[in-house]
There are 2 protein chains.
Amino acid sequence: MTDIFIDAKNHTDHQKFLKGMELLYFAYRDFISWPDDVLHALGFGRAHHRILHFVGRNPGLKVAELLKLLNITKQSLSRVLSTLVEKGHIRQDIGAQDRRQRLLYLTDQGQKLLNKIAEHQKEHMLKAFENAGDQSVEGFWKVLSALLADENRDDILMRINSGIDD
Amino acid sequence: MTDIFIDAKNHTDHQKFLKGMELLYFAYRDFISWPDDVLHALGFGRAHHRILHFVGRNPGLKVAELLKLLNITKQSLSRVLSTLVEKGHIRQDIGAQDRRQRLLYLTDQGQKLLNKIAEHQKEHMLKAFENAGDQSVEGFWKVLSALLADENRDDILMRINSGIDD
DNA sequence: TTAAATATGTCAACATGACTGACATATTTA
DNA sequence: TAAATATGTCAGTCATGTTGACATATTTAA
């Protein structure tokens, strides 16, 4: 690919917009929609994966926090979360200070499932990062951070970066 | 935000993966899911938007090409495309060389609708690009290009870059 | 010239993951 | 003790995808 296709200065605003929009659409699609045998064999879908992911990343997450992260209603969450609890992938502990709260944790089984699911995506993304180079990865992060909704940005960046500087 | 949160060298592979994955998820979601009054008032959804977009970008697109771009079945496309044709936003011309083909074009009405829909997203993305800077935008494009599925990459990049060097 | 392949469209049934509205229970707070 | 809060559940709906079967018009190949 010749440089003209990457050099942002050679693009009009409208071309930048179209390119960003289309690349984001196709790349997101290709990244999330791989043949997901593991999940499907268990009767799970992407909604289950998302819950496993965020509970794995935030052990002790409260139901209300998960709802806010996923930006869905409790009725939507209920069906999906219930099956994960029933099948022993997620554990719900009663809150220590507030006994109304349910604190969510992955069970060992849930952790194993999550690891298995993530394998392919991890490989895919790290290969892309390697091909693009560290400087491009930093640009990728910067643009994505800027694309976040203003109301969400601080919250999300804090969550995402927690643990990086440990 | 201190530099440590952006410097890729300070991340382990697993941290890079998690950060890329979550940022991509949240940024994509925030970018596509704005309060879409214009579409909704007409009884249209995101599927309609996608068709308007790709037909607008590729005038004379064949149905088969659109199906391949969107990666959906013709049955799925049918419902959505039909309503767009019925309501006068898309025109289907019979192919000149091959009369079995239907070549898709936006009508003036369709073009107006698309412009209206794109307004907010264009503003959102260009503001993000401005905040991040041209160098980051180039990194953003590079990583997204690398994230495309290998089978799709050449095709998609050719489409996306067509018109940039005119 | 006819048979097969191709491009498109349509009917029907189903899956997933969202939504709204109404209501129930347990627990904490004012 | 009453109100607010955190969670859960029932029931119905919607948007968008899927598979399978079949129909029509047109082009291509034997």
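Quick caveat: nothing in here was measured; it's all calculated off a predicted structure. In what follows, chains are A, B, ... by sequence order, proteins preceding strands, each numbered from 1.
Separating the CG atom of Leu103(A) from the P atom of dT27(C) is a distance of 14 Å, rounded to the nearest angstrom. We find that CD of Gln75(A) is positioned 14 Å from P of dC23(C), with the value rounded to whole Å. The nearest whole Å value for the distance from the CG atom in Leu77(B) to the C1' atom in dT8(C) is 10 Å. Put simply, CG on Leu70(A) is 18 Å from P on dT16(C), counting in whole angstrom units. Atoms CD1 (Ile94(A)) and C1' (dT28(C)) sit 14 Å apart, rounded to a whole Å. Regarding Ile72(A), its CD1 atom lies at a distance of 6 Å from the P atom of dC19(C), rounded to whole Å. Atom-to-atom, CG of Asp93(B) to C1' of dT8(C) comes out at 15 Å; the value is rounded to the nearest Å. Atom CZ of Phe44(B) and atom C1' of dC14(D) are 16 Å apart (whole Å).
Of the listed residues (Glu119(B), Lys116(B), His49(B)), just one forms a side chain to side chain contact (heavy atoms under 4.5 Å, CB included) with Val38(B), and that residue is Lys116(B). The residue from Phe54(B), Tyr28(B), Trp141(B) that alone fulfils the ring pair (Phe, Tyr, Trp, His ring centres under 6.0 Å) condition with Phe26(A) is Phe54(B).
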ring-ring contact (aromatic ring centres under 6.0 Å, His included) between His124(B) and Phe31(B), intermediate numbers included: CA-CA 8 Å; His124(B) 184 173; Phe31(B) 177 67; 5.7 Å; yes

Using nucleotides 3-6 of chain D, report all nitrogen or oxygen pairs with the protein that are shorter than 3.5 Å.
from	atom 1	to	atom 2	distance (Å)
dT5(D)	O2	Arg100(A)	NH1	2.5

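Lys112(B) and His89(B) form no side-chain donor-acceptor contact under 3.5 Å, judged by distance and modelled atom types alone. Between the side chains of Glu22(B) and His53(A), at least one donor N or O sits under 3.5 Å from an acceptor N or O.
Looking only at side-chain heavy atoms (C-beta outward), Ile51(B) and Leu77(B) come within less than 4.5 Å of each other.
OP1 or OP2 of dA18(C) sits under 4.0 Å from a side-chain N or O of Arg50(A). Checking the phosphate oxygens (OP1, OP2) of dC19(C), a side-chain nitrogen or oxygen of Ser76(A) falls inside 4.0 Å. Applying the 4.0 Å criterion to OP1 and OP2 of dG9(C), one finds that Ser78(B) has every side-chain N and O outside that range.
Glu65(B) comes within contact range of no nucleotide atom at all, as no heavy-atom separation falls under 4.0 Å. Using a 4.0 Å heavy-atom criterion, one finds that Arg79(A) contacts the bases of the nucleic acid, with or without backbone contacts as well. Among the atoms of the strands shown, none is found under 4.0 Å from any heavy atom of His40(B).
Paired runs in DNA chain C that reach 3 or more consecutive Watson-Crick or G-U pairs, where each pair keeps both distances under 3.5 Å, cover C:1-30 with D:1-30.
The salt bridge (Lys or Arg N to Asp or Glu O under 4.0 Å) pairs that include a residue from residues 9-19 of chain B are Asp134(A)-Lys16(B), Asp7(B)-Lys9(B), where partners are two or more places apart or lie in different chains.
At a threshold of 4.5 Å between side-chain heavy atoms, the hydrophobic network of Ile, Leu, Val, Met, Phe, Trp and Tyr places Tyr105(B) and Leu52(B) in two separate groups.
Both Leu67(B) and Gly43(A) lie near DNA chain C, and the one whose nearest nucleotide falls closer to the 5' end is Leu67(B).
Within 6.0 Å of CZ on Arg46(A) lie more than 12 heavy atoms contributed by other residues, nucleotides or ligands.
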